Number of protein chains: 2
Amino acid sequence: MAKDTKQRILDAAERLFAERGYAGVSLRTIVAKAGVNLASVHYHYRSKEELLKAVFARRLEPLNRERLAALDDLELRLREEQTPPVECVLEAFLAPVFRLAEDEERGGPVFMRLVGLMYGESGDLVRMLFMQQMTEVAERFYRAFARALPELSREEIYWRLFFMVGVMAHTMRASDQLQLISGGLCKLGNAEVMTARVVHFLAAAMRAPEGCEVRG
Amino acid sequence: MAKDTKQRILDAAERLFAERGYAGVSLRTIVAKAGVNLASVHYHYRSKEELLKAVFARRLEPLNRERLAALDDLELRLREEQTPPVECVLEAFLAPVFRLAEDEERGGPVFMRLVGLMYGESGDLVRMLFMQQMTEVAERFYRAFARALPELSREEIYWRLFFMVGVMAHTMRASDQLQLISGGLCKLGNAEVMTARVVHFLAAAMRAPEGCEVRG
DNA sequence: GTCTATAATCGGATAGAC
DNA sequence: GTCTATCCGATTATAGAC
């Protein structure tokens with residue numbers, strides 16, 4: 001009937017970490033929510049830190065596999081010399097996140113905030129964990145964007161990818177706030193709608209010619 | 001010689017909150033860094049929570065005053081019917097942040113991470129504190145952007161402002177990470193350089209025509 | 001206003017019975 | 001695998017001397 005202890009802990013921890021951050025949640029809060037015993041956390045995971053790693057790994061690994069698969073897919077559809085539309089590269093990176101975010105089976109909306117949290121948490125633990133998981137993905141997507149935007153310098157591409165991540169992370173973390181601020185006007189859409197909205201916004205920015213300053 | 005206790009606490013708290021988040025820092029760590037006694041925190045501020053509020057207020061109030069002043073300034077320079085260049089509105093919002101960020105007297109680089117933290121911290125405390133401080137600013141800037149981009153719908157403007165905040169917050173919080181990832185290629189510039197970079201990127205995105213979806 | 005001392009609680013982790 | 005009971009350090013907060 002009930003899911004097994006190990007998974008109940010993972011689910012509760014994910015929810016709570018997403019809501020309050022790593023340092024903001026105690027193991028005791030987690031086991032209370034999970035309806036399990038305190039000692040079981042140390043039995044199944046070795047420590048609070050290892051539990052956090054498990055929480056991240058469960059979502060991040062399939063997510064990044066999806067991203068890389070989408071990129072493989074895109075690159076297969078292109079001839080050697082063609083430059084991919086930047087929208088497609090953006091979509092390969094962003095669509096898997098939004099799809100996961102609406103998949104209740106695999107974490108649903110909770111996962112959105114967890115991703116946002118990963119970029120936001122200031123502790124070394126989370127930052128290193130994240131860097132580790134993302135290096136391969138970052139490398140592959142850097143090359144894809146460099147190919148899609150051949151007129152941009154290396155430095156400029158890095159900066160723009162960085163800004164892209166900022167938009168994604170903020171959307172993951174706080175788009176419910178926008179709903180409030182806008183008085184309900186802005187609602188979260190499904191994965192397709194959200195992806196299209198963000199891709200459209202970012203594509204225009206990514207395509208901007210380099211280095212022209214405008215004065216009013 | 002030494003600054004007074006109250007301020008020493010505030011300075012230390014700001015630094016530590018910026019580095020590790022609210023829950024990640026204990027009062028004992030703060031007083032150790034400040035070189036003051038534990039009890040003095042409770043004397044000068046009533047609790048850890050009140051201390052956090054004081055930390056935010058010290059920076060946020062002048063920051064938002066500067067933003068509104070920059071906007072006033074811009075609007076004075078325009079005739080009634082003119083639409084301001086979106087770059088100028090972006091600059092009014094963003095330049096004060098980057099200027100504060102390089103002003104050692106008023107918090108310096110520490111302040112950057114503190115701002116990023118505000119948007120990132122998931123606890124209700126920080127979020128409510130922030131919403132409270134930002135409502136007037138949000139209202140004023142919404143109107144300015146609506147004027148600068150008259151062809152966009154209300155909903156679209158809200159979304160784009162939201163994405164803009166994401167870029168800003170991420171830059172505040174994590175641009176040191178970019179320096180690492182890029183192998184030192186991307187360095188943090190001074191306020192002018194950073195503002196120009198972000199404004200340039202965002203202006204292109206803000207100006208994108210509404211609702212056209214692109215397929216590859 | 002600043003200190004010492006301490007209260008009262010909460011934190012992660014573990015031992016050992018079942 | 002799961003539980004109770006407990007260790008023990010850290011935490012916020014306060015009382016009361018100076």
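Chain A is the first sequence line, chain B the second, and so forth, proteins listed ahead of strands; every chain is numbered from 1. All values derive from a computational prediction rather than experimental measurement. What's counted below: heavy atoms across the whole structure, side chains too, no hydrogens, waters or symmetry copies.
With ring centers used as reference points, A:Phe163 lies 6.0 Å or more from B:His170.
In the set D:dA13, D:dT2, C:dG12, D:dT2 carries the atom at the smallest distance from any side-chain atom of A:Tyr43. Relative to the side chain of A:Ser26, the nucleotides C:dG11, C:dT4, C:dT14 differ in distance, and C:dG11 lies closest. Set against C:dA13, D:dC3, C:dT4, the side chain of A:Asn37 has D:dC3 as its closest nucleotide. Nearest to the side chain of A:Ala39, among C:dA13, D:dT2, C:dT14, sits C:dT14.
The CZ atom of A:Arg20 sits 14 Å away from the C1' atom of C:dC10 (whole-angstrom rounding). The separation between A:Ile9 atom CD1 and D:dT2 atom C1' is 10 Å, rounded to whole Å. Put simply, CG on A:Leu38 is 15 Å from P on D:dC7, counting in whole angstrom units. Going from atom CG of A:Leu125 over to atom P of C:dG12 covers 13 Å, rounded to whole Å. Taking atom NE2 on B:His42 and atom P on C:dA5, their separation rounds to 18 Å, with Å as the unit. The distance from atom CG of A:Leu27 to atom P of D:dT6 is 21 Å, rounded to the nearest whole Å.
For the segment residues 44-51 of chain A, residues with any heavy atom less than 4.0 angstrom from an atom of DNA chain D are, sorted by number, A:His44.
A search for side-chain contact (heavy atoms from CB on, under 4.5 Å) contacts involving B:Ala57 returns B:Glu61, B:Gln133, not counting sequence neighbours.
At a threshold of 4.0 angstrom between heavy atoms, the contacts of A:Val31 with the nucleic acid are absent.
Checking the phosphate oxygens (OP1, OP2) of D:dT2, a side-chain nitrogen or oxygen of A:Thr5 falls inside 4.0 Å.
Under the 3.5 Å distance criterion, the side-chain polar atoms of A:Arg59 are matched with a main-chain donor or acceptor of A:Arg106.
Annotation: B:Glu136, atom CD; neighbour count of heavy atoms from other residues, nucleotides and ligands within 6.0 Å does not exceed 12.
Comparing A:Gly35 and A:Arg28 along DNA chain D, the residue whose closest nucleotide (by nearest heavy atom) sits nearer the 5' end is A:Gly35.
Here A:Arg77 does not pair with A:Asp72 in a salt bridge; the nearest charged N to carboxylate O distance is not below 4.0 Å. Ionic pairing of A:Arg58 and A:Glu14 is present here: one or more N-O contacts between side-chain nitrogen and carboxylate oxygen are shorter than 4.0 angstrom.
Looking only at side-chain heavy atoms (C-beta outward), A:Arg15 and A:Lys33 come within less than 4.5 Å of each other.
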Dot-bracket assigned to DNA chain C with the 3.5 Å Watson-Crick/G-U criterion, [ ] for crossing and | for other-strand pairs, is ||||||||||.|||||||
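Taking the ring centre of A:Tyr45 as origin, the terminal cationic atom of A:Lys53 falls outside the region bounded by 6.0 Å and 45° from the ring axis.
By the 30° and 60° cut-offs, the orientation of the rings of A:Phe141 relative to A:Phe145 is tilted.
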